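Structure, as structure tokens:
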Protein chains: 2
Amino acid sequence: MERLLMAKKKKVPKITINRLSLYYRQLEMLEAEGENIISSERLASMTQINPAQVRKDLGYFGEFGIRGVGYEIGPLKEQLKRILCVNRIWRMSLVGVGNLGSALLRHQGFYIRGFHFVVAFDSDPEKIGMEVVPGIRIYHVDRINEEIKKFDVQIGVIATPADVSQYVADLLIEADVNAILNFSPVHIQVPDCCLVENVDFTVKLDILTYKVSQQIYGKRDRR
Amino acid sequence: MERLLMAKKKKVPKITINRLSLYYRQLEMLEAEGENIISSERLASMTQINPAQVRKDLGYFGEFGIRGVGYEIGPLKEQLKRILCVNRIWRMSLVGVGNLGSALLRHQGFYIRGFHFVVAFDSDPEKIGMEVVPGIRIYHVDRINEEIKKFDVQIGVIATPADVSQYVADLLIEADVNAILNFSPVHIQVPDCCLVENVDFTVKLDILTYKVSQQIYGKRDRR
DNA sequence: CATTGTGAACTCATTCACAGCG
DNA sequence: CGCTGTGAATGAGTTCACAATG
């Protein structure tokens with residue numbers, strides 16, 4: 001078993017993974033700019049995180065730095081790729097080819113990072129058989145089980161209206177997809193074996209409006 | 001000053017606001033189903049949160065429950081609306097009318113909740129003057145300052161490519177927009193007076209792939 | 001000698017457990 | 001009697017501060 005991928009001893013906080021993803025993205029940008037070395041201090045300031053936090057986050061997975069110098073950008077980036085398991089291609093399916101779904105299918109950012117849509121599903125008869133994006137055909141949701149296995153999908157992306165997202169999630173799980181990225185505004189119920197991440201922009205808007213109201217009425221709590 | 005909007009005494013954790021938004025959404029659904037009363041226990045199980053957590057979250061803002069009974073759904077929903085400051089219309093502008101931007105403009109969920117797009121901006125000459133959605137005209141980003149004031153925009157939504165999002169954020173701040181919902185995959189730098197929430201789906205995918213790899217190699221850490 | 005790596009101290013968040021009350 | 005509201009106990013995550021070291 002690949003031991004280096006695992007955390008050293010202590011449990012890795014969930015939020016650490018979140019931050020590793022941010023570090024990774026920053027390193028990609030730095031590498032593109034031709035940089036070679038970065039200190040925890042600078043990486044921290046770029047991601048608006050405490051330098052000790054950066055070092056601790058990395059420390060869960062190994063010793064990647066050079067004392068007195070910093071971190072080599074290329075190698076550190078590769079380590080993060082391995083830790084996050086993004087040093088490979090992931091095949092994804094989309095369910096719900098509406099406004100948002102179509103935009104996700106066309107979104108270049110996914111492809112570049114190795115997240116490839118290979119098939120899409122919808123319940124609208126008008127859309128069945130269409131290719132919103134060349135190469136990605138839309139099937140009826142009834143065929144999820146069948147096609148997901150055919151296309152060897154690992155990640156299901158849900159972009160349906162709220163009222164059917166649970167139904168769709170059940171179909172995906174039935175088809176052995178155990179990783180779901182859920183854009184619908186409801187928390188779906190899944191068995192323990194299935195992983196779900198929610199992308200919930202209405203919640204983000206609510207947080208914004210709450211904070212705006214605090215700015216107006218209250219003393220600002222700065223950070 | 002509206003005193004009820006403020007927290008009672010202790011500082012409200014950021015995550016509490018996140019959860020309040022989830023409770024609010026759940027209450028909307030329950031109300032639509034004709035329910036009248038809910039216990040912290042049931043609201044908790046629906047949102048996958050601990051019941052004491054639910055009560056504590058609400059407790060920061062007042063006493064909304066009836067001991068021995070639970071919470072009246074309608075009134076509690078109204079309280080949450082006031083706390084989150086979503087009992088009004090918020091005018092938003094979109095910057096970056098690409099795949100994702102267009103989908104956001106068309107997204108019904110925003111409108112229903114009182115988040116109204118009133119104007120959009122892009123740098124592509126082809127798009128200037130178009131109305132992707134009836135009533136919402138696209139202006140050149142150079143006119144952000146001017147039009148934002150004309151339309152009295154309170155929230156700026158950034159859906160541009162990463163390389164221009166900081167530039168666009170600066171323009172919004174210049175135009176006195178101090179609340180930004182950022183869909184671009186970079187953390188933008190803003191002054192203290194400006195609030196930013198990031199919607200970052202690549203990070204969510206990275207978290208998923210990390211967890212999937214843990215499922216395969218490690219012992220599952222369940223929750 | 002600048003910067004990493006990390007135990008220890010601290011701060012913040014969650015959960016428990018029960019008093020308070022309708 | 002049942003469920004809320006909340007102080008107290010626990011747990012998790014962050015930051016400090018400094019020893020270790022290339």
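Naming: A, B, ... by sequence-line order, numbering from 1 per chain. A quick note: this is a predicted structure, and the numbers were derived from the prediction, not measured.
In this structure, CG of Asn18(B) is placed 14 Å from C1' of dA13(C), rounded to the nearest angstrom. In this structure, Ile73(A) places its CD1 atom 16 Å from C1' of dT4(C), rounding to the nearest Å. In this entry the distance linking CZ of Phe61(B) with P of dG5(D) reads 14 Å, nearest Å. Look at CG on Leu76(B): it is 9 Å from P on dG5(D), rounded to the nearest Å. The distance between atom CZ of Phe64(B) and atom C1' of dG22(C), rounded to the nearest whole Å, is 18 Å. Rounded to a whole Å, the CZ atom of Arg55(B) is 7 Å from the C1' atom of dC3(D). Taking atom CD of Glu41(B) as the reference point, atom C1' of dT4(D) lies 12 Å away to the nearest angstrom.
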TODO: Could you walk me through whether Met92(B) and Val153(B) pass the side chain to side chain contact (heavy atoms under 4.5 Å, CB included) test, one step at a time?
DONE: CA-CA 5 Å; Met92(B) 309 199 294; Val153(B) 166; 5.5 Å; no
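Looking at Asp57(A) and Tyr23(A), their side chains do bring a donor and an acceptor atom within 3.5 Å of each other. Under the 3.5 Å distance criterion, with hydrogens and angles disregarded, no donor-acceptor pair is assigned to the side chains of Asn18(A) and Lys14(A).
OP1 or OP2 of dT4(C) has at least one side-chain nitrogen or oxygen of Ser40(A) nearer than 4.0 Å. One finds no side-chain N or O of Tyr71(B) lying less than 4.0 angstrom from the OP1 or OP2 phosphate oxygen of dG2(D).
Here the side chain of Arg67(A) is nearest to one of dC3(D), dC18(D), dA20(D), namely dA20(D).
Ring orientation note: the planes of Phe183(B) and Phe201(A) are nearly perpendicular, at an angle over 60° on the 30°/60° scale.
Proximity of Tyr210(B) to Ser21(A): side-chain heavy atoms (C-beta onward) are nowhere separated by under 4.5 Å.
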Produce the list of close N/O pairs, under 3.5 Å, pairing protein atoms with atoms of nucleotides 11-15 of chain D; give distances to one decimal.
unit_1  : atom_1 : unit_2   : atom_2 : d
dG13(D) : OP1    : Lys14(A) : NZ     : 3.3
dT14(D) : OP1    : Arg19(A) : NH1    : 2.9
dT14(D) : OP2    : Arg19(A) : NH1    : 3.3
dT14(D) : OP2    : Arg19(A) : NH2    : 2.9
dT14(D) : OP2    : Gln53(A) : OE1    : 3.4
dT14(D) : O5'    : Gln53(A) : OE1    : 3.2
dT15(D) : O4     : Lys56(A) : NZ     : 3.2

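In this structure, Lys56(A) has no side chain to side chain donor-acceptor pair (under 3.5 Å) partners at least two apart in sequence or on a different chain.
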